[in-house]
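Everything below concerns the one structure shown next.
Computed from heavy atoms alone, side chains included, the values below leave out hydrogens, waters and symmetry copies.
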Amino acid sequence: MKTMDENEIRFLKLLREQYPTIASASTEIINLQSILNLPKATEHFMTDIHGEYEQFLHVLNNGSGSIRRKIDEEFGNTLSEKDKKSLATLIYYPEEKLDIIMSEEDNINDWYKITLHRLVQITKRVASKYTRSKVRKALPKDFAYVIEELITEKEEVQNKEAYYNEIIHTIIKIDRAPEFIVALCNLIRVLVIDHLHIIGDIFDRGPGPHIVMEELMAHHSLDIQWGNHDVVWMGAAAGSMPCIATVIRMAARYGNLDTIEDGYGINLIPLATFAMDVYKDTDCSQFALKSAKNYDPKDYNLEVRMHKAIAIIQFKLEGQLIMRNPEFGMDDRLLLDKIDYDNKSITINGKTYPMKDTDFPTIDRENPYALSKEEEIVMEKIRHAFKHSEILQGNIRFLYTKGSMYKIFNSNLMYHGCVPLDENGEFKKVTIYGQEYSGKALYDVLEHYARKGYYSRHAENKQKGEDILYYIWANANSPVFGKDKMATFEAYFIDDKDVRKEKKNKYYELLDDEKTVDRILEEFGLDPRYSHIINGHVPVEQKNGENPVKCGGKLMIIDGGFSKAYQGKTGIAGYTLVYSSHGMRIAAHSPFESKEEAIRNETDVYSDNILVETPNFRLRVADTDTGNTIRDSIAELEMLLQAYRDGTLSEKE
């Protein structure tokens, strides 16, 4: 028998504090061993939400069809299609649906009785794959005891039906049915989806990223992989001037300045006043808004001028950052000094293009990247507002706490964009502050500096980190951007489509190349035989026949156009992925009309399911990362048992 060393004995003494006797250690081993044989919990993957909060909340609430599937499994043909739809809508939106039912139902107590029985049945089904301990922790505090009684089989009760009926009768009698229904619906949603993965781009384009963030911050279990649009907001919250200008310009372009002003309480009056003064007689025709809102002409006129004013400020601030970081290799983005105002043209890479607009009242032709005094004052005021917005800072701290550049979970490698490859398909070597990185190391170093950009109190390190946050947003070598350039300037001012084209990284040409995909998985320490890559960032154009499943199922791109801005291109309104004990399926969603329509008319998001992987056996906890952790715990407890039994350690009273 192996003799334990001092470190092992020291560890076991600590473990003894938790399991002081042979009986307690043995009980925990039995408990853990039984957990290994439970079905694998369900994971839900979503990406590229882009502020489309209503569709996001609906898909989150319905678990990409998981709740409706549970209703079908439980009730089969014993419920009509109408009743199933009504029950599903109630589970998605319990408070709102109850308000309608209570005002329309003639015999509300009968409805309560029927509905409570149905909800208890669904709760039993979704709770059956978890331990009682885990379910108990998920129970709402006010109704924990009652719910546990209703969903737990009572062998000692002879007339079970009467027992359960009496509990439900009492709930109705004491006028607690509405609150109890809401509690059950919320519990069902928690138990149907055990863990949520957000694979980037919560922010920009859509109107409600702050609403999405509020929901995520209340979620019971999740992780986030940063997208480039998240990172630029992280930079803005850190105080990076180029990032602040970028997020304001994006919000202006898509008619979402309300997100900044109302959602985050950031005062943009300094920018509005400046724009109306300096740009009042300026041509702003190239800065029309991509918004479906019905604007008052006066408001529209103001926001167009704000849009142009902040765009010019952004180009100047980007230029300053690029010039102080020559190793970023972004000199091709220094365009303000290439403008020929006399001929209204610009020379890029040796070729001259006509410009649609050269009416820039704040650009000094001799020093084009310098902010005017007025621009400096505006940006300092706005920077102060970004830094002191409690809601924004809370959102961004959450992104840092729950987020990362990539995540490995249950043999799935998740990241937003791509692993940068060179033209030969090899991991691209990238220099970051004097050192060369590629593959996984590139992700790690960028995340290291991204955290410094927000948290560091050392001025030089913080500046480096802030600049890296911008680098992650827009650099050709950034894993979450993955294109040769961000052609924002060209999109505004040049008609030529070739110069506006953003070429994707070589990675996107090799999505179906098994050797490349396997090499990426191995780079991150995964076995290609059992692992997958789950990707966001680039919309899959389903209407043109593109499939989100690549490389025989080893790689999945689940960006299908949650954002309305992309839906014309993709033909759908987003992909999501569900990974349960029965395997993996991708849901392709139809556009969501509105929350009100979903509640009043019980419309759901139609989801066309694509089976990605169906195992020959039902997956168990033993087949997951949690299973590996449990096996380690069992091994440690078995060592403790051995120590008790051979006298190395004594049991405690």
Side-chain angles (χ1 to χ4, degrees), residues 40 43 45-47 195-201 222-228 230-231 399-400 402-422 424-430 432 435-451 468 471-472 475 477-482 504-538 548-559 577 579 584 612-613 619 623-629 632:
K40 174 197 172 299
E43 300 166 56
F45 301 75
M46 303 172 76
T47 187
H195 191 82
L196 175 65
H197 305 283
I198 302 294
I199 310 179
D201 279 2
L222 84 164
D223 55 68
I224 300 167
Q225 293 73 62
W226 303 326
N228 58 323
D230 306 318
V231 170
L399 273 183
Y400 273 104
K402 293 292 185 179
S404 54
M405 289 288 290
Y406 65 91
K407 179 80 173 178
I408 297 167
F409 195 100
N410 289 338
S411 296
N412 293 317
L413 171 60
M414 295 167 279
Y415 49 72
H416 180 69
C418 68
V419 178
L421 304 177
D422 63 22
N424 297 317
E426 303 296 326
F427 294 133
K428 192 170 185 181
K429 294 178 180 178
V430 178
I432 303 292
Q435 285 190 263
E436 199 170 70
Y437 303 90
S438 65
K440 179 178 177 294
L442 176 60
Y443 279 82
D444 291 337
V445 73
L446 291 175
E447 181 172 332
H448 169 77
Y449 278 108
R451 294 187 183 279
I468 283 294
Y471 178 104
I472 297 171
N475 192 278
N477 295 321
S478 165
V480 300
F481 179 51
K504 295 177 187 174
N505 184 266
K506 185 73 173 179
Y507 171 90
Y508 293 100
E509 296 177 25
L510 298 172
L511 295 174
D512 282 310
D513 183 75
E514 192 166 4
K515 287 183 179 179
T516 299
V517 172
D518 286 355
R519 199 164 73 251
I520 292 170
L521 288 166
E522 289 166 351
E523 170 73 3
F524 285 84
L526 291 168
D527 188 333
R529 294 175 297 172
Y530 316 113
S531 305
H532 311 87
I533 295 170
I534 302 172
N535 234 157
H537 188 50
V538 175
V549 182
K550 312 289 184 182
C551 200
K554 286 190 175 184
L555 188 149
M556 288 153 271
I557 296 181
I558 57 169
D559 178 7
L577 173 68
Y579 183 24
M584 285 183 164
V612 179
E613 193 170 88
L619 297 171
D623 304 309
T624 68
D625 292 346
T626 300
N628 294 333
T629 302
D632 290 342

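- Taking all atoms of both residues into account, the shortest heavy-atom contact from Val480 to His416 is O-CD2, 3.8 Å.
- Taking a 6.0 Å sphere around NZ of Lys504, one finds it holds 12 or fewer heavy atoms contributed by other residues, nucleotides or ligands.
- In this structure, CE in Met414 is found 11.5 Å from OG1 in Thr47, a value given to the nearest 0.5 Å.
- Contact detail for Pro420 and Leu442: the closest heavy-atom pair is CG-CD2, 3.9 Å.
- A cation-pi arrangement is found for Lys40 relative to Tyr579, the charged atom lying closer than 6.0 Å to the ring centre and inside a 45° cone about the ring normal.
- A ring-ring contact (aromatic ring centres under 6.0 Å, His included) with Tyr443 is found for exactly one of Phe427, Tyr449, Tyr406, namely Tyr406.
- Formation of a donor-acceptor pair under 3.5 Å by the Tyr400 side chain with backbone atoms of Ala450 is found in this model.
- A 4.5 Å side-chain heavy-atom check between Tyr437 and Leu446 finds every atom pair outside the cut-off.
- By the 30° and 60° cut-offs, the orientation of the rings of His195 relative to Phe409 is parallel.
- At a threshold of 4.5 Å between non-hydrogen side-chain atoms, the residues Tyr415 and Ile533 count as touching.
- Distance check, rounded to the nearest 0.5 Å: CD of Glu426 to OG1 of Thr516 gives 8.0 Å.
- When all heavy atoms of Asn424 and Asp422 are compared, the closest pair comes out as N-OD1, 2.9 Å.
- Contact annotation: the side chain of Trp226 never approaches that of Ile472 to less than 4.5 Å [non-hydrogen atoms, C-beta and beyond].
- Side chain of Asn410 to main chain of Asp625: a donor-acceptor pair is present (N/O by atom type, distance under 3.5 Å, no hydrogens or angles).
- Among all heavy-atom pairs drawn from Asp518 and Lys554, the shortest one is OD1-NZ, 2.6 Å.
- Across every non-hydrogen atom of Val517 and Leu511, the tightest pair is CG2-O, 3.7 Å.
- Between atom CE of residue Met46 and atom CD1 of residue Ile558 there is a gap of 9.0 Å, rounded to the nearest 0.5 Å.
- The main-chain N or O of Lys402 is never found under 3.5 Å from a side-chain atom of Asp223 such that the two would form a donor-acceptor pair.
- Closest heavy-atom contact between Leu526 and Ser531: CB-OG, 3.5 Å.
- Asn535 places no side-chain N or O within donor-acceptor distance of the main-chain N or O of Met556, the cut-off being under 3.5 Å.
- For the side chain to side chain contact (heavy atoms under 4.5 Å, CB included) with Ile199, the qualifying choice from Ile224, Leu577, Ile534 is Ile534, the only one to do so.
- With rounding to the nearest 0.5 Å, the separation of CG in Leu521 from CD1 in Ile408 is 9.0 Å.
- Annotation: the span from Arg451 atom CZ to Met405 atom CE amounts to 10.5 Å, rounded to 0.5 Å.
- Here Asp632 pairs with nothing under the side-chain contact (heavy atoms from CB on, under 4.5 Å) rule; sequence neighbours left out.
- Within the 4.5 Å cutoff, side-chain heavy atoms of Glu514 are placed close to those of Cys551.
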Step-by-step salt bridge (Lys or Arg N to Asp or Glu O under 4.0 Å) determination, Arg519 to Glu522 = CA-CA 5 Å; Arg519 199 164 73 251; Glu522 289 166 351; over 6 Å; no
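- Side-chain atoms of Asn475 come within 3.5 Å of backbone atoms of Asn477 as a donor-acceptor pair (strictly under, hydrogens ignored).
- No side-chain heavy atom of Glu523 sits less than 4.5 Å from a side-chain heavy atom of Val419.
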